[in-house]
Structures are given as C-alpha cells and as structure tokens.
There are 2 protein chains.
Amino acid sequence: MKWSEHALVSLERAGYRSSAPRTAVVGALGAVGCGVTARQIGNLLDSRGDRVGVASIYRALEVLEAEGLVQRFDVGDSAARYEPALPSGEHHHHLVCERCGEVEAFEDEGLERAISRLARRVDFAIDAHDVTLKGECPECSGSRRRSSR
Amino acid sequence: MKWSEHALVSLERAGYRSSAPRTAVVGALGAVGCGVTARQIGNLLDSRGDRVGVASIYRALEVLEAEGLVQRFDVGDSAARYEPALPSGEHHHHLVCERCGEVEAFEDEGLERAISRLARRVDFAIDAHDVTLKGECPECSGSRRRSSR
DNA sequence: GTGAATGCAAACTCTTTGCATGACT
DNA sequence: AGTCATGCAAAGAGTTTGCATTCAC
C-alpha cells in the first residue's frame, strides 16, 4: 500500500475528518518522498492547482507528525523538513551538502545497530533518532576542482 | 589550554581584531560548554554585566563557526545551538527530551566507528556529523508515571 | 587615520494563532 | 446541526542586515 493511502486511512481511523486540503498535503508528501520543507509542499500544491493556505499545511504536518505518519527533521538551514514515516519502521538518514544545500538520503545497517545498542545504555527512554552527515556533494567537489573555488 | 584561550589565539592569528564583545562571547561559550542558544549566551552576558548586542553575538558565532572553533547544531526547537569545538577533534552528541526539552550530551565510540566507516562509502566528502537521540529523560519518565500523565 | 566591529532598529523568514467562514459526518 | 478544518492576516520567535558610530591596530 502506498504511504499516502496508509496515511489517509490512519487519519480517518484516528477520527480526523477527510478534507481536501489535508488530503492534498498528504498527496504532495507521498509524491516527493524525502526531506521537503513546508514551502516546497506549498509550491508543489500551487503548481498542481490545489490552493492550500500555509497555515493548513503546517496544521496538516502537525497532525501527521503527532500520528507518527511523518518524521520531522532539520538540517540546519532554518526550515524544518518533513518526510513520510513508513509503517515498517524502516528509515534512512541524510547527507547534506554544506556548499549547495542538497539533501540526499542513505541507509546504513551498521549505524542503526550502533544506535540501538547505545539507546539501551543511556538513561533516556529513546524513541527516535536522527543522523546528519555534512560535507560536500560530488557535484560541488567537481566544480570546485574545475574552477579552483 | 582552555578552549576560550585557544579560540582567542586562533582568532587573532586569523587576523580578527580582539574586541571586548567578541571576547565576551568566547568567554561565555567557554563557561557554559555545551549546547547553548544565542539567547542563552545573551542572558549570561547580561547577568555578567557585559552588554553585547544580539547582532554581535550572532556575528561572533558566525566567525567562530567559520573558523571551526564552534559547532552549530539543532535539536528541532527552532533555535540553533552552539558549543565549543575542541581542537582534539573529540566530540559528543545529544540526547533531547521530547517532553521538557532538556539536552544532555553523550559519547559513544561504537557510534563514531560506524559513522567513519559509513563516511568512507558514501559519495559525499564528509567532514562533520551530527547525531540526536530523542526520547524522554529520567525526570519526565518519573513524573509521568507518578501523575499518570 | 583607516578599516574592522559594534549597536540599534528595521527587515526577513519560518511558524503559530485568533477568528470568522466554510465543509465533513 | 454540530464541530472540526480552513484561510487570511496578524503576531511571534529567531536571525540577518543597513548604517552611522566606535574602537583596535
């Protein structure tokens, strides 16, 4: 089942009404998949012809996060990023290019193992985690070499 | 050598002038150590009697980060956090309580190993990383159990 | 003296909220 | 019908910037 369908069903079960704006936000999130900002969602909805107010986008994201249907994270550029949370619990983390701001996803089993081992030994009850690797993406490394900048 | 002294020397060597406001910001950062926001630095400076404008705090932090003397990170509460970067490269990561917002530091060798292994296999040139574990701190778990909330 | 750094206030961006209107169930 | 959800616009929080002044070298 696609994430967007799963999300809509979950919201309905949780007692939320099925409104056009919220459905559109879910559709947009399902379409882009990874690491979008609220602004990007708004732009996508605009280009689709779905006119949704900013407030509704934020409110939809708030509900989705509360229901565990989206994960919110931050790569340090002052705009929160959101992405679908898969019911399987499967997830990834992010590479961020410090030069151009590009965000790319990666998965790593070894990292997950290290984190779950760690989660057991700390005194907090851990229920989520976030890893961000920062550096230079291949394109930026390339152009820097070429232009000596 | 204390971090604050190291930082001041590094700035001077890099050609920055040694001004009272910037020196005060370095002093404040050195005093608190871990995960402070710009606002907290401002408050500390106020209580010390050092009157430093917000803009200067941000500008000082910008310079320090550019020189690799402080690390900036984000725990998702919409205010950037800063902490001294030790010249040894030694560093830690953070536990964040989702209930009360408390931020605590931890170190984990296994995690660092997993990350450096990972950094070698991705196509970005990684030069930094950030790990945030989210959950409930001991105090919040306790009070929740006691008050059933 | 000259240019860098400061402080203030205005400007900006992202996000949240109050409130009247509109839309699911 | 009764609410919940929306949209707009105003309000907030954090951060940045323009500009005249002050200070370090």
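These numbers come from a predicted model, not from an experiment. Chain letters run A, B, ... following the sequence lines, proteins first, then strands; residues in each count from 1.
- As rounded to whole Å, 15 Å separates atom C1' of D:dT3 from atom OH of A:Y16.
- Dashed line: the shortest gap from a side-chain N or O of A:S19 to OP1 or OP2 of D:dT6 is under 4.0 Å.
- Helix bend of the helix from C:dG1-D:dC25 to C:dT25-D:dA1: the angle between its two end axes, each built from five pairs, comes to 30° after rounding to 10°.
- Note that SG of A:C34 and CZ of A:F73 are 5.5 Å apart. Values are rounded to the nearest 0.5 Å.
- For A:R17 against D:dC4, a side-chain N or O and a base N or O form a donor-acceptor pair under 3.5 Å.
- Within 4.0 Å of B:A60, counting heavy atoms only, lies no atom of the nucleic acid at all.
- Here A:A55 lies in heavy-atom contact (under 4.0 Å) with a base.
- Both B:I57 and B:V26 are members of a single hydrophobic cluster when ILVMFWY side chains are connected at heavy-atom separations under 4.5 Å.
- Residues A:R72 and A:D130 come closest through the heavy atom pair O-OD2, 4.3 Å.
- The distance between atom CG of A:L45 and atom P of D:dG7, rounded to the nearest whole Å, is 10 Å.
- One interatomic measurement links the two molecules: OH of B:Y82 to P of D:dG14, which rounds to 12 Å at whole-angstrom precision.
- In this structure, B:I57 atom CD1 and D:dT15 atom P are separated by 11 Å, rounded to whole Å.
- As a whole-Å value, the separation of B:Q40 CD from D:dA13 P is 16 Å.
- Screening A:H93, A:H92, A:E107, A:E90 for a side-chain contact (heavy atoms from CB on, under 4.5 Å) involving A:E112 leaves a single residue, A:H93.
- Spacing between atom CG of A:D50 and atom P of D:dG7 amounts to 10 Å, rounded to whole angstrom units.
- For A:R120, there are no salt bridge (Lys or Arg N to Asp or Glu O under 4.0 Å) partners at least two apart in sequence or on another chain.
- Nucleic acid contact for A:S18: sugar-phosphate only, since backbone atoms but no base atoms lie under 4.0 Å from a heavy atom of the residue.
- Rounded to whole Å, the distance from CZ on B:R72 to C1' on D:dG14 is 11 Å.
- Here D:dC25 presents its P atom at 12 Å from CG of B:L11, a figure rounded to the nearest Å.
- For DNA chain C, the contact window with chain A, defined by any atom under 4.0 Å from a protein heavy atom, covers C:dC14 to C:dT25 in 5' to 3' order.
- Across all strands, B:A20 comes closer than 4.0 Å to no nucleic acid atom at all (heavy-atom distances).
- Under the 4.5 Å side-chain heavy-atom criterion for grouping Ile, Leu, Val, Met, Phe, Trp and Tyr, B:V70 is connected to B:L8 within one hydrophobic cluster.
- Between A:R117 and B:D108 there is no salt bridge, since no side-chain N of the basic residue sits under 4.0 Å from a carboxylate O of the acidic one.
- A:V103 and A:V32 fall into different hydrophobic clusters, defined by Ile, Leu, Val, Met, Phe, Trp and Tyr side-chain heavy atoms under 4.5 Å apart, directly or through other members.
- Residue A:R59 is in base contact, counting any heavy-atom pair closer than 4.0 Å across all strands shown.
- There is a path of hydrophobic side-chain contacts, each under 4.5 Å, that joins A:Y16 to A:L61.
- Within a 6.0 Å radius of CZ in A:R13, other residues, nucleotides and ligands contribute 12 heavy atoms or fewer.
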